[in-house]
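First the structure, in the form of structure tokens, and then the observations on it.
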Amino acid sequence: MNYRARYINVTEVNEQGHQQRRDTDSYEDSDDIFKAMFLFNKGTSQSERIHPMDVQMTVFHCADGFLKQLMVTKLSQCQYALPLLVPDPFRRKTEFSLWTFRQINKSWKIKNIKNEIISQIQPIYKAETPMVFFFRFGSVSSSKSQLMNSLINEKHNTFFHRNCPGSSRTRVLMDGVVEIAWFCPSGKDTDKFTECVAFCNLHGDAGDHEKQLQILTEMSSVNVVLLPRLDRNDRHEKKIQNLYKDSKPLICLFTEDESTVIETKKGKFKIGLKDRNQSDVSEELRRAINDCLSESSSTFRLEDVSKHSDIRVDEEDDDDCRRGREAAQQMMSLLEKKDLTEIKESFLPHQGKLWHQWSQKNKELHRPQADEIEMEISRKKTEMKKIRKQQHESDISEFMNLFIKEMNSHVEHEKMFFLKWLRILLDEHTSADLSALHHKYDETWSTEIKTERDHDKPEQLKAKQVELERISEELQAATFGLEHIMREIGQIYESCSSVKKNKKDLQIDFSSLPSLAAEMMISGFPLELMDGDAAHVPVIWISAVLDQLIQKLGDQRVFVLSVLGIQSSGKSTMLNAMFGLQFAVSAGRCTRGAFMQLVRVSDEMKTQMNFDYILVVDTEGLRALELAGRSTRHHDNELATFVVGLANLTLINIFGENPSEMQDILQIVVQAFMRMKKVRLNPSCVFVHQNISDVTAGEKNMEGRRRLQETLDEMTKLAAKDEVYDAECFSDVIRFDVQNDVKYFAQLWEGSPPMAPPNPNYYRIKDLWEALLNEQFVFSFRNSLEISAYRKLETEYSKWSWSLRSAMMETENKLHNKIENEAIHEVNKTDLQRELKKTKLQENIVRETKRKLNEILQQRDLKKKIDAQRTHHENTLYEKSKELALKLKDKTNDEETLKKEFDLFWEQSVKKIITDTPAIKDIDIMKDVKEILSDIYESVPDILEIQSDQLKKCLVMVLSKEDEAQIRSLVTDVAQQTDKMIQSFNISKMGYNISYIQQLTDYIKARVKEHQEGQVKYVFKNEFFMDLVLSICKRANKMITDQHRLFREANDPVIYVEKKREEYYSIFQKYIHGATSAAIFGEIICQKLKEPIEQSVYKKTARDLTDEMRSNCESLNGNRSNLEKHILKTLAEQEDFDKYMNYIHNPRDHFKSFIRDEVSRYITDKFSVSVLPKMKENIKLLQQKIMKAAHESTEHVQVNRGDVGLWFKRFKQQLSDELIFSEKDLSGVKHDDVDDFSLLEDVIKKELSAIMPDISSRFYTNTFNEKLDLKFRPDELLTDHFCRCCWVQCPFCKAICTNTIENHGGNHSVPFHRVDGVNGCYYHQTEDLSADFCTTLVTSNKAFCVSNKWFPYKDLKRAGGVYAKWSITPDLSELPYWKWFVCRFQKDLEKRYNKIFHGNGKIPNEWRHYKKQNAIESLDKCF
């Protein structure tokens, strides 16, 4: 807002004028000044300025009621005259815009009879003041408006006049307009008038505007008329005579007269203006007006103008405005004859004592003192519920019902009028009483200060302090505005939410109340964020309103800007000026608590700022006077911490240069930022230093900056002691640049308030915007949104990492096939990146894939012998069956004879193969384990006796909780690493060997020895090692056995040769019937492709299915937290205690098992509708690719005149990405005589069509596990995705760290902890299991014992070891799930841990109210 904007030139350009000016440029006689000037004058006459007041009135006429009101309010703030009576150019009627004045308050100071200064603040439409009316008859040479300005404020052009910048000769819309302005005294001897005086100015010739003249001369206290001279022949002579005869004072100003002031008769003055000094005239006129006012008792009230007939009053003419006023008046009628200090108690019962009690209990709840933490918390929560119930039972007043009804029934425009009227009428209703109370407070406070100096009167001092406290409470009770009505609605909503039902006398569903508040915010009304009376944030209400805002506006980018400063330092005024807001700024209504208002960012600014809205947070002042009796520094610290933590940027408003005031606010601010640093929040700040006497002195500003930096550093050291924080200077706490983050402004007003206009330098918004835009904001999770934000981030990360994994799996499969086909012999990182082209890669996924492929490369060479042996057997059978066929070809055609001959040949051949190659036997893993252990130890326990929970019994001494946690961590890690070792053995391809068990045993032994040699206070028995080996091998038994089965089926000659019997008999028959080499070679190729096709289809379908489950399966379609939520739901539904214990103590195994079950269920349920169609589609695509490869190979051979070798080389190259199929598969099969490639292609096409249905017929639900190696199965792909994360568990409650990265840096953390008793935690030297949550223990003074040393939970990192790596944040968020679990399985837990929930660990009765359904529902809220 810059009042000088009025002087911007607006010009109407005429093209002809431009043309004439261009012509003068080419005028040949350019040295002739007379001709040049003549032409120049002619040219400029074509271009006319538009009068600035015409611009103002054009906008005014085109505006609706709200914009008109905004315009007039801003004009008033700029100390400009306001349009009072305006001729309507469209309706030919004079309009009185009373509505536009409704938001304007004026304040002034006067001296009473005792010479005491009295402050007054009044809505201007209500103020009764003298009014001086200026008008003119005819055309006058002097400026009436300029003369008026010299009376009101000689430094400021209150009324626009002919000599103002931008003025022009013509004006179109100002004639007949009456403008009004007020002189407001400051209570000083230099005031020109001793009371508030209104000045009205009729523009144009008064004789042409009789209606305006009549109204204003009747209502004025003094009339001032300008005319050239008196002339009896003048057409206005009669009007002038009447004014002179009237008893009302009249001052005549003659522009053609040179005389000084003359009083012609009582109350009638004459003053000449011609050739007179302007200051002299102004002084004479002021004295004359003062003389007239001293004799006159008449007063003017703006509202009374509407009583005149024949003028249009906007409030009556606008139906929406009228209806809004009537609705507001109906509500106000209920307040009549009510004591103001009792209104809130009567009409707004929900925000009174009950809300204050609830707020106090809630604060106490978060600061538990008793030893029985959960019992205390449970008791307080019960009390809070009781208070909420009482709140809910309170009646809704008729006043509030009317408000809710009006807010729901009106159209948008009418609703806005209603709200504005209600605010206007409430302010009007309370302003007089509030002003009196403030005056009374000031008087009492002044007396108290005097009494404090007199140390002999302690009783009087105490009495005054009690009196101050009483007045402060009356002030609090008497303050009643729209914010209190919205506060009541918030409390109605919170009470209904708490008891989960509507109030009996509420006409609408309570769930629609936040929508009303959201609509108000969108319309520009502030909403109370922190209740200043209760010093509490109604979180449930505010959250609901913000949810509604998001629904109505969409998920917009919001920048939060807050302000901090001492009381009455101009915080609200600054925000109102910066953003055009509506925060209360008058002395009668200081901000209490915190308010937020939404500001929409214009489209052109959005791209520059990268956000859509600014949420501006205004706060009550620090060190508020009315709180001085009962508020402490603690309140200010709380407020500062709240608003600093809430905002992206905090403006710290420093008013004046008082060092002590600066120190006070700066220590509070530094402490707030220090707290933010401790909780990893990174807000920024800008210091706005107002009321600096000389902002142009650069050296002084540098000195000021240096002093501010020193003060900040000093305050940082002081705050660091309070907060136990290591910081030496302010920049240790927050990124702060004293050169750029401190803005100096002069005072708000130019001149002395209340008559001074706003200083435009104060509104150097650009400087502030630069500070905002150039800040490098550090991303951080915020307060109550932290969990939600982390979940969103985790979900996005999960999607992103899955898309990478999915892409990498395709690449891995292609490269795997190429390795097996011996197309490549090494894998580099660049190969992977080239395969994925422009996909952004996550380094560890690339590294892991490279490792897997290099293992395959190594194993390919190791299993060459196995593959060669198998291929040799197959090709031997092929050649021998061919020889037999050729031998029998011409001897017999009898099929039965041929079959017998072939069967005999087959049995003999298989016998020979078995003799040469022994069959692969079944394996017994546990037998091998015991055999290896028996070589080390004499006796090995039976595997049935081994349970993981018996590990601690295998130790020399009793374990502490820390010891047990260390051992469990060792066991978990060893289990994970051995899983990886078993997978690396690749048993499905390489076969099983007892040496693998030896490797596992050696690894486990080395890890146990390494652990034992560390800093531990216990010794492992031999049984521990044996138990660990047996447990791990028992766990891996199925995995190894399944892989060995796959190897056996592929490599045992008895099994795989028998599978080939039908294939070879078919080839045998073809030779018998004289088939060509090409036909037989084509059939052999198809028979060899059968198994690779089957493997390829299974792998591809497994990947497709995994992608589908990531989208469609509820438990698998999110992040790990979502998966855990479904695991917990399933556990609750099954109510199986043993499964719970497995989940708590072996979470990784439980996750794997759950994923396996989910995948198995999905495949079974969706087999016919999803799985089988995918398999058939994949086999069809593969068939097409093989046919395409055969066709292209044929074309390639024909073009290059190649042989069958070239054909086959091209064929396998085409398929090397898709199938494991190479020359080695045909080694020993003679095909040199194949030369009919078209026939070969046809045979392949025909044979493929026959074998594909055969492969499809073998698809069923269990074939994935039977046909696929472990690493290619859908469940393993998903396990690999979900379980590559942190599995470290909380040392107290066993909750799993939620970080999605293995071996991550920083602390372990989890948003929701469990009851410690589920992990067997108990109270020292008792049998009492703990019923506490970790997140509440860290708020208490309790301690835990590690190695006979005690450490407070508040400072758990001091305990070192596993505790040093955990961050547990105090949190009272309800998670009914674990409360239900403890109650449901109390006896099972007590039996398992041989302890009881008793004494210190007694389960609160409140927990027993939770049902299984409550527990399951709570998971959706928390995850």
Side-chain angles (χ1 to χ4, degrees), residues 816 819-820 822 851-874 913-937 940 943 946 974-1009 1025-1057 1059 1091 1095 1220 1224 1265-1273 1276:
H816 182 190
I819 289 168
E820 294 289 0
E822 298 189 2
R851 184 191 62 76
K852 287 181 187 174
L853 291 171
N854 280 325
E855 276 181 8
I856 292 166
L857 265 170
Q858 292 168 10
Q859 289 166 354
R860 181 192 70 183
D861 298 332
L862 292 172
K863 67 186 180 75
K864 270 185 178 178
K865 186 178 177 183
I866 299 169
D867 292 342
Q869 193 175 48
R870 173 178 161 170
T871 304
H872 171 71
H873 290 147
E874 288 187 24
I913 289 170
I914 293 169
T915 306
D916 294 344
T917 311
I920 298 170
K921 298 176 182 177
D922 288 332
I923 58 172
D924 186 340
I925 302 297
M926 298 318 297
K927 182 183 172 188
D928 291 349
V929 173
K930 292 185 76 170
E931 187 179 313
I932 287 170
L933 288 176
S934 298
D935 291 343
I936 308 170
Y937 305 109
V940 180
I943 190 64
I946 300 300
V974 168
Q976 287 180 26
Q977 296 306 318
T978 48
D979 273 358
K980 288 178 182 177
M981 286 176 70
I982 291 164
Q983 287 192 34
S984 72
F985 295 151
N986 202 6
I987 293 168
S988 64
K989 298 293 182 192
M990 304 296 298
Y992 167 77
N993 193 302
I994 194 170
S995 66
Y996 296 156
I997 304 300
Q998 186 68 60
Q999 287 179 49
L1000 291 176
T1001 307
D1002 291 346
Y1003 172 76
I1004 296 166
K1005 189 173 186 178
R1007 285 295 304 273
V1008 170
K1009 184 182 178 185
F1025 166 68
M1026 288 191 289
D1027 193 4
L1028 187 53
V1029 171
L1030 288 164
S1031 297
I1032 284 170
C1033 292
K1034 179 188 176 186
R1035 194 164 151 270
N1037 190 5
K1038 186 176 186 305
M1039 179 166 50
I1040 294 173
T1041 306
D1042 282 350
Q1043 288 196 38
H1044 178 72
R1045 176 182 51 76
L1046 288 173
F1047 174 79
R1048 187 173 172 222
E1049 286 175 2
N1051 295 285
D1052 188 300
V1054 177
I1055 297 170
Y1056 76 72
V1057 167
K1059 281 184 189 172
E1091 192 175 319
Q1095 275 293 301
I1220 298 173
K1224 66 184 179 186
N1265 289 347
E1266 292 175 6
K1267 297 289 183 182
L1268 274 181
D1269 193 0
L1270 181 72
K1271 62 188 173 192
F1272 298 122
R1273 295 176 194 169
E1276 196 59 32

Got a second to check how far S988's OG is from H1044's NE2, nearest 0.5 Å?
-> 11.5 Å
Could you pull out all residues at least two apart from T978 that satisfy side-chain hydrogen bond (donor to acceptor under 3.5 Å, both in side chains)?
-> none
Report the residues that fulfil side-chain contact (heavy atoms from CB on, under 4.5 Å) with Q977, sequence neighbours left out, ordered by chain and then residue number.
-> D973, K980, Y1003, R1007
Should Q998 and N993 be marked as a side-chain contact (heavy atoms from CB on, under 4.5 Å) after you check the CA-CA gap, both sets of side-chain angles, and the distance that decides it?
-> CA-CA 9 Å; Q998 186 68 60; N993 193 302; over 6 Å; no
side-chain hydrogen bond (donor to acceptor under 3.5 Å, both in side chains) involving E1276 - partner list, sequence neighbours excluded = Q983
Can you tell me how far CD1 of I1004 sits from SG of C1033, rounded to the nearest 0.5 angstrom?
-> 5.5 Å
Scanning both residues in full, the closest heavy-atom pair of I982 with A1036 reads CD1-CB, 3.3 Å
Point-to-point distance, once rounded to the nearest 0.5 Å, from CE of M1026 to NZ of K930 = 10.5 Å
Pairs of donor and acceptor atoms involving the side chains of residues 920-929, under 3.5 Å and at least two apart or interchain, shall be tabulated with distances.
from : atom 1 : to    : atom 2 : distance (Å)
D922 : OD1    : R1048 : NH1    : 2.9
D924 : OD1    : M926  : N      : 3.4
D924 : OD1    : K927  : N      : 3.2
D928 : OD2    : Y992  : OH     : 2.6

Looking at NZ of K1009 and CZ of F1025, how far apart are the two atoms once the value is rounded to the nearest 0.5 Å?
-> 12.0 Å
Beyond-backbone contact of R1273 with D1042, side-chain heavy atoms, under 4.5 angstrom = yes
Which atom of Q999 lies closest to which atom of F985, heavy atoms considered = OE1-CE2, 3.4 Å
Compare all side-chain heavy atoms of I997 with those of E931 and state whether any distance is below 4.5 angstrom.
-> no
Evaluation steps, side-chain contact (heavy atoms from CB on, under 4.5 Å), between L933 and L1030 | CA-CA 9 Å; L933 288 176; L1030 288 164; 4.0 Å; yes
